[in-house]
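The structure under discussion appears below in the form of structure tokens.
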Amino acid sequence: MSRLAERFRSIKARGRTALIPFITAGDPQPQITVSLMRALAAAGADVIELGVPFSDPMADGPVIQKASERALMHHVSLADVLVMAREFRTQDPDTPVVLMGYLNPVEAMGYDRFAAQARGAGVDGVLTVDLPPEEGAELAAVLKSQEIDPVFLIAPTSDSERIRRIVRLAGGFVYYVSLRGVTGAANLDLSEVAQKLRAIRAQTTLPVGVGFGISSAEAAVRVAGIADAVIVGSALVSRIGALAAQPDRVIAEAAAFVGQLRSAMDAAASEVRA
Amino acid sequence: MGYALPDEGGHFGRYGGRFVAETLMRPLLELQQAYERARVDGAFQDEFSEELRLFVGRPSPLYPARKLTDRFGGARIYLKREDLNHTGAHKINNAVGQALLAKRMGKTRVIAETGAGQHGVATATVAARFGLECVIYMGSEDIQRQAINVYRMKLLGAKVVPVTSGSRTLKDALNEAMRDWVTNIEDTFYIIGTVAGPHPYPAMVRDFQAVIGREVRYQIMEFEGRFPDALVACVGGGSNAMGLFYPFLDEPAVALVGVEAAGSGLATGRHAAPLSAGRPGVLHGNRTYLMETDDGQIIETHSISAGLDYPGVGPEHAWLKDSGRARYVAVTDDDALKAFHLLTRVEGIMPALESSHAIAHAGQLARELGRDACLVVNLSGRGDKDVHTIAAREGISL
């Protein structure tokens with residue numbers, strides 16, 4: 001069983017919802033990324049989504065784009081991100097790591113070489129934002145051949161035919177984008193999300209993570225009630241960005257925020273059980 | 001005849017396609033369906049033709065540039081006068097087509113990215129013409145370079161949003177426009193200005209611009225009684241070149257030559273010539289030649305001409321390059337400037353800096369082809385917008 005599948009199984013067995021924080025590798029400084037990942041895991045992150053910086057992050061809002069720009073000031077490349085993932089893996093054998101980024105750096109490295117190196121670095125999943133199922137079959141197959149789960153996005157506008165196409169290629173979990181728009185936008189409609197999750201679950205047994213627009217502990221709790229995983233990106237990255245000039249404070253601040261989300265989600269879950 | 005690309009998924013060989021987040025797939029598929037219906041709908045095509053005739057002022061003349069021909073001392077040179085279109089460039093052809101499609105789809109708001117400002121002006125113009133709300137995204141760097149076009153857009157009722165992310169040029173404006181679109185899909189139509197972006201844009205923009213080449217097919221007959229030996233056009237994203245080339249793709253005797261911006265010179269690395277010196281990758285929704293670092297980050301481009309200052313190129317050009325049907329060369333800032341002055345002085349036609357790149361290469365090609373040959377250069381836009389850039393470069397304060 002893959003590390004992702006194992007993690008989702010054990011979380012479910014404990015009646016919990018997974019918490020998946022997103023950070024951009026190298027933001028604000030490459031040398032703190034591995035420690036930051038460890039701190040997030042210690043604070044209750046079940047899976048870590050590690051953003052690969054890209055110069056033109058078209059599907060992201062200004063918060064994540066700025067994180068990419070901060071990392072790129074240090075010339076953080078996909079190869080550097082794999083080194084960070086490998087270092088994290090030597091220190092934490094259990095917490096799954098999912099790389100999230102854009103296709104071009106992967107194309108530049110080459111699919112086969114990337115997949116082999118990602119496997120060697122202990123990467124568990126790869127989400128390429130600008131790769132819809134129409135274009136994604138080749139990379140998904142290469143990743144699967146290295147036992148890496150290809151993670152795909154599902155949008156509010158994905159109809160059941162598209163959902164079917166996506167889950168056929170997907171592994172690990174699927175990432176439901178709970179908002180129209182880019183990362184970091186506002187306005188989460190929970191009943192609309194719940195309805196869409198039912199439509200997704202009608203077609204797959206893969207866990208469904210929900211992201212985009214989860215900016216507070218309250219929102220995380222509400223989403224945790226219906227999703228298998230809560231993905232928090234912009235809200236965390238904006239806290240990191242605010243401390244870009246004081247990198248020594250980033251780890252404590254980020255871990256505290258993830259810890260808050262974790263406690264709120266766990267408290268709500270135990271209330272439901274009680 | 002033979003050429004029938006792209007395929008259903010928007011591929012030109014290995015190039016093109018739809019590399020976008022899932023959130024953009026439905027609007028792209030809806031656009032594709034709407035466009036496919038419009039393409040075969042006589043009423044739509046008639047309306048488009050009428051707008052091109054009465055609003056844009058088509059057909060644009062094919063002008064025998066006899067003085068320029070004498071100066072170069074080779075093949076007879078004809079200029080396709082897209083500079084004489086309403087708003088002063090070829091961009092208006094496509095803007096009219098997409099605005100008509102936007103109306104047909106019931107959209108009330110149009111957005112666009114712009115580099116030199118020509119496409120922004122064209123979009124603002126058609127938005128005014130058809131009563132659509134209009135927002136233009138423009139890199140803050142380009143806003144400085146093209147202050148007059150910014151003011152023109154505002155006069156036309158458009159809101160111009162400065163883009164301060166990344167390199168603050170065309171590519172960043174495109175990123176920002178995509179973000180607007182994905183957030184406002186219900187009422188908004190994104191008018192992309194070139195033959196790039198995800199499917200169906202490269203094919204749709206090409207089709208709207210193909211009026212250029214279709215006119216050349218019959219206009220050249222009046223002078224030469226045959227097709228030209230070569231077509232020459234500048235290539236940034238590549239829409240004026242595709243518009244000229246497309247109706248000739250199945251005429252193997254007609255050579256197709258695209259001219260990229262070599263900036264300070266290809267060897268310096270400071271240029272905007274992905275076909276000449278880049279490699280394939282994925283950007284802005286399609287696979288094509290790019291200017292990128294070894295590890296796949298898009299790099300800043302350099303050209304005196306804002307309209308060519310783009311790190312990618314339309315995927316169909318990538319395909320035409322690899323297949324050998326077209327060839328691509330690059331012209332430096334300095335040579336483009338010389339061509340600008342030459343055409344201005346000997347023919348009384350002030351070309352856009354973009355088009356000046358094509359003029360510069362036409363001189364070389366005319367000499368290579370010799371006096372029995374003839375060639376058509378796409379004069380894609382007029383140079384008024386560039387006089388400040390040229391004056392500044394030559395140390396003249398206006």
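First the proteins, then the strands, lettered A, B, ... as listed; each starts at 1.
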(message) Please identify which of these residues, Ile298(B), Asn175(B), Thr293(B), meets the side chain to side chain contact (heavy atoms under 4.5 Å, CB included) condition with Ser55(A).
(response)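 Per the side chain to side chain contact (heavy atoms under 4.5 Å, CB included) rule, the option paired with Ser55(A) is Ile298(B), out of Ile298(B), Asn175(B), Thr293(B).
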
(message) Please evaluate residues Met58(A) and Arg179(B) with respect to the criterion side-chain contact (heavy atoms from CB on, under 4.5 Å), reporting the C-alpha separation (whole Å), side-chain torsions for both, the decisive distance (0.1 Å), and the verdict.
(response) CA-CA 7 Å; Met58(A) 204 169 74; Arg179(B) 291 180 184 135; 5.7 Å; no

Minimum side-chain heavy-atom gap [X]-[Y] below 4.5 Å:
| X | Y | value |
| --- | --- | --- |
| Met25(B) | Arg162(A) | yes |
| Val282(B) | Leu103(A) | yes |
| Phe54(A) | Gln297(B) | yes |

(request) Go through the atoms of Asn184(B) and report whether side chain, backbone, both or neither lie under 4.5 Å from a heavy atom of chain A. (result)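 It is neither, since no heavy atom gets under 4.5 Å.
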
(message) Is Ile299(B) in contact with chain A via its backbone, its side chain, both, or neither, using a 4.5 Å heavy-atom distance?
(response)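 Neither the backbone nor the side chain of Ile299(B) comes within 4.5 Å of chain A.
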
I'd like to know whether [atom1] of [X] has more than 12 heavy-atom contacts from other residues, nucleotides or ligands below 6.0 angstrom.
| X | atom1 | value |
| --- | --- | --- |
| Glu30(B) | CD | yes |
| Lys107(B) | NZ | yes |
| Gln144(B) | CD | no |
| Arg201(A) | CZ | yes |
| Lys144(A) | NZ | yes |

(message) Does anything in residues 106-114 of chain A reach chain B? List residues with heavy atoms under 4.5 Å apart, or say none.
(response)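 Interface residues of residues 106-114 of chain A: Glu107(A), Ala108(A), Tyr111(A).
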
(request) For chain B, find its close neighbours in residues 25-32 of chain A: heavy-atom separation under 4.5 Å, sorted by number, or none. (result)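 Interface residues of residues 25-32 of chain A: none, nothing closer than 4.5 Å to chain B.
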
(request) First locate atom CG of Asp172(B), then atom CG of Asp56(A), and finally report the distance between them rounded to the nearest 0.5 Å. (result)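 Spacing of CG (Asp172(B)) from CG (Asp56(A)) equals 6.0 Å.
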
(message) As an exercise, state the distance from CG of Asp80(A) to CG of Asp295(B), rounded to the nearest 0.5 Å.
(response)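 So the CG of Asp80(A) and the CG of Asp295(B) are separated by 7.5 Å.
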
(message) Let's go through Leu283(B) and Asn104(A) carefully: what are the C-alpha distance in whole Å and the side-chain angles of both, what is the deciding distance for side-chain contact (heavy atoms from CB on, under 4.5 Å) to 0.1 Å, and is it a yes or a no?
(response) CA-CA 7 Å; Leu283(B) 178 69; Asn104(A) 198 52; 5.9 Å; no

(message) I'd like to verify something: which residue of Pro105(A), Pro133(A), Pro132(A) has the highest number of heavy-atom pairs under 4.5 Å with chain B?
(response)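 Winner by heavy-atom pair count: Pro132(A).
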
(request) Evaluate the criterion side-chain contact (heavy atoms from CB on, under 4.5 Å) for residue pair Val177(A) and Thr23(B); output intermediate values, then yes/no. (result) CA-CA 8 Å; Val177(A) 175; Thr23(B) 41; 3.9 Å; yes

Contact origin within [X] toward chain B - heavy atom pairs under 4.5 Å:
| X | answer |
| --- | --- |
| Val76(A) | backbone |
| Leu153(A) | both |
| Leu72(A) | side chain |

(request) Compare every heavy atom of Glu22(B) with every heavy atom of Ser158(A), then report the nearest pair and how far apart it is. (result)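 So the two residues come closest at OG-OE2, 2.8 Å.
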
(request) Tell me, with the steps shown, if Ser165(B) and Glu69(A) meet side-chain contact (heavy atoms from CB on, under 4.5 Å). (result) CA-CA 9 Å; Ser165(B) 55; Glu69(A) 288 178 3; 3.9 Å; yes

(message) Do Glu135(A) and His11(B) pair up side chain to side chain, a donor and an acceptor below 3.5 Å, judged on atom types alone?
(response)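 Yes.
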
